[in-house]
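The first residue of the sequence shown is numbered 1, and numbering continues consecutively from there. When a ligand or atom number is given, it counts from 1 through the structure's own listing order.
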Amino acid sequence: MMTKQMRSKRIAVIGAGLGGLCLAQGLKKHEIQCSIFEKDAAINTRSQGYRIRVNEPGRKALEKCLPENLYRLFLNTCAASYNGMKVLTTTLERSQNALVESWSDGVKEMPDLKPNRLTLREILLQGLQDNICFGKELTDWKESETGEVELTFSDGSTYTADLVVAADGVHSKIGKEYCKDKKINTGNITIYGRTFYSPEAQSAIAQELHEGTSVIIGDRLSLIIDFMTFDFSRKEASRDFLSPISDYFYWAFIGQPQVFGMVKSDFYTPSAEEILNSINKVTHQWHPQLKALFQYADLPSLSVTPIRSSLPKGPWKSGNITALGDAVHTMSPAGGVGANTAFTDAALLTDYLISKNSIPEAVADYEKQMIMYSNQAIEISREGGEILHGNTDDDGNKSL
Ligand SMILES: Cc1cc2nc3c(=O)[nH]c(=O)nc-3n(C[C@H](O)[C@H](O)[C@H](O)COP(=O)(O)OP(=O)(O)OC[C@H]3O[C@@H](n4cnc5c(N)ncnc54)[C@H](O)[C@@H]3O)c2cc1C
């Protein structure tokens, strides 16, 4: 058992995203402290999508890492869950799709959960405030022969750690250079946003969208819509660390940029008005009660992100540096398992760090297992995208 030994080690977690915070909670549960270095100035600096679908492995990993009170708070603050998903055409007729049906909840302890992303992050942050340094962007690292790692941040400061866990998302330098993670552009983009449940939106938006999850399969694109209705207005919302939240429709398109009349570039960030124009063009022949989703959309919430995916990978030389989440295995949101896999990583790494005899042994065992299941998750997500809207290669050539 290494818990006692680990308590004297300097553990650095790079990135206070979903995965990094989950790991820090897992360690804290065993009274192991870590230092978290986050490049953003605060937890809510950027918008990052509005709902996360948490599946059974993801929920179990959160249960393992969070203390009982925070795990309960997570459950109580999720939007209402419904079993299954409906597949609809762009004119709101019922349709069928084998893949989407396979996502249905089947025999599970409970249906997939739908937390508001910021709420989940605020919960994951609880009790870790003293461990986080905001405004710290990792720029470099250097390993010594004794196994110590010196980290350098963009403000020139340094920190020496016995274990470094890169949880710094899709652009992770450690993921790329140390873990040899190779990411490609799938050629697709996701456009997402939310529409608040105002009285006008409520009456204009089709009734069948007012419950659970709907998947619209269009011409070379797909659209997922989740109705997010919260019931934590009184007791839970009175907790001062949770930002208030109103009911909303979350929606996300996936398709090639050309389908939306957008240019294919990583560096092009259209304005909210441009995004809305593109959506209006692509949906102009859709059912008016479906288009109402965009008519009443919350403009500041609109975002476009290119979809990247890691290639399947083999092992690298493991040591006192490792990675979790998107840093080491980015996958298309078409599978809805990126964050769930990051939670699984966090729980597994915690388990090994408290049970193995040394950091390198724990890291090696974690990586062996993580590489296997994350390769599978990447493939499932890739296949999901292929079936829903057609994938392209890195040059964006292949269509449906
Ligand atoms: C539209 C959309 C919908 C999605 N829906 C789902 C879903 O329903 N279910 C699901 O499982 N997954 C979903 N995903 C995927 C999910 O969002 C990611 O897989 C997940 O956020 C990965 O968590 P992470 O902690 O690895 O990275 P992130 O959450 O990206 O966190 C990385 C953190 O590191 C910080 N950082 C970056 N660089 C540095 C640096 N150099 N130094 C210090 N800090 C740094 C960032 O600021 C950030 O806070 C979705 C993705 C998108 C785009």
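- Ligand 1 is never approached by Thr305 to a heavy-atom distance shorter than 4.0 Å.
- When non-hydrogen atoms are compared, ligand 1 lies under 4.0 Å from neither the backbone nor the side chain of Phe134.
- For atom 26 (O) of ligand 1, the nearest non-hydrogen atom from the set Asp326, Ile14, Ile36, Leu138 comes from Asp326.
- Listed by number with element, the atoms of ligand 1 under 4.0 Å from a non-hydrogen atom of Asp40 are 47 (O).
- The 12-atom threshold is exceeded at NZ of Lys173, counting heavy atoms of other residues, nucleotides or ligands nearer than 6.0 Å.
- Remark: ligand 1 atoms within the under-4.0 Å shell around heavy atoms of Tyr192 are 1 (C).
- Between Glu38 and ligand 1 there is a heavy-atom distance shorter than 4.0 Å.
- Between Glu63 and Lys60 there is no salt bridge, since none of the side-chain N atoms of the basic residue sits less than 4.0 Å from a carboxylate O of the acidic one.
- Which of Ala334, Gly17, Ala16 comes nearest to atom 28 (P) of ligand 1 through a heavy atom is settled by distance: it is Gly17.
- Looking at Gly336 next to ligand 1, an N or O pair under 3.5 Å apart turns up.
- Of all the atoms in ligand 1, the ones that sit under 4.0 Å from a non-hydrogen atom of Ala167 are 32 (C), 33 (C), 34 (O).
- Of all atoms in ligand 1, numbered sequentially from 1 with element shown, those under 4.0 Å from a heavy atom of Gly325 are 26 (O).
- Between the His287 side chain and the Gln289 main chain, a donor and an acceptor come within less than 3.5 Å of each other.
- By the 30° and 60° cut-offs, the orientation of the rings of Tyr248 relative to Phe230 is tilted.
- Residue contacts with ligand 1 include Arg117, since one of its heavy atoms falls under 4.0 Å from the ligand.
- Distances from ligand 1 to the non-hydrogen atoms of Trp251 include no value under 4.0 Å.
- Within ligand 1, counting atoms from 1 as listed, the ones closer than 4.0 Å to a heavy atom of Phe37 are 43 (C), 44 (N).
- In summary, the side chains of Glu143 and Asn320 do not present any donor paired with an acceptor at a separation below 3.5 Å, with no hydrogens or angles considered.
- Each of the following atoms of ligand 1 lies closer than 4.0 Å to a heavy atom of Gly15: 33 (C), 34 (O), 35 (C), 44 (N).
- A donor-acceptor contact shorter than 3.5 Å links the side chain of Arg121 to the backbone of Ile43.
- Using a cut-off of 4.0 Å between Lys/Arg side-chain N and Asp/Glu carboxylate O, Lys183 and Asp181 are scored as salt-bridged.
- Taking CD1 of Ile14 as the start and CZ of Phe153 as the end, the distance is 4.5 Å to the nearest 0.5 Å.
- Considering backbone and side-chain atoms together, Gly19 places an N or O closer than 3.5 Å to an N or O of ligand 1.
- Ligand-side atoms of ligand 1 in range of Lys136: 42 (N), 43 (C), range being under 4.0 angstrom from any heavy atom.
- For ligand 1, the polar-atom distance check finds an N/O of Arg53 within less than 3.5 Å of one of the ligand's N/O atoms.
- In the model, Glu122 has a side-chain atom that pairs as donor or acceptor with a side-chain atom of Ser243 under 3.5 Å.
- Here the side chain of His210 pairs a donor or acceptor atom with the backbone of Ile205 at under 3.5 angstrom.
- Taking any N or O of Thr190, backbone or side chain, none lies under 3.5 Å from an N or O belonging to ligand 1.
- The atoms of ligand 1 that sit less than 4.0 Å from any heavy atom of Arg121 are 49 (O).
- For Phe249 and Phe227, the ring centers are positioned less than 6.0 Å apart.
- Salt-bridge check for Glu208 with Arg94: failed, with every basic side-chain N at 4.0 Å or more from each acidic carboxylate O.
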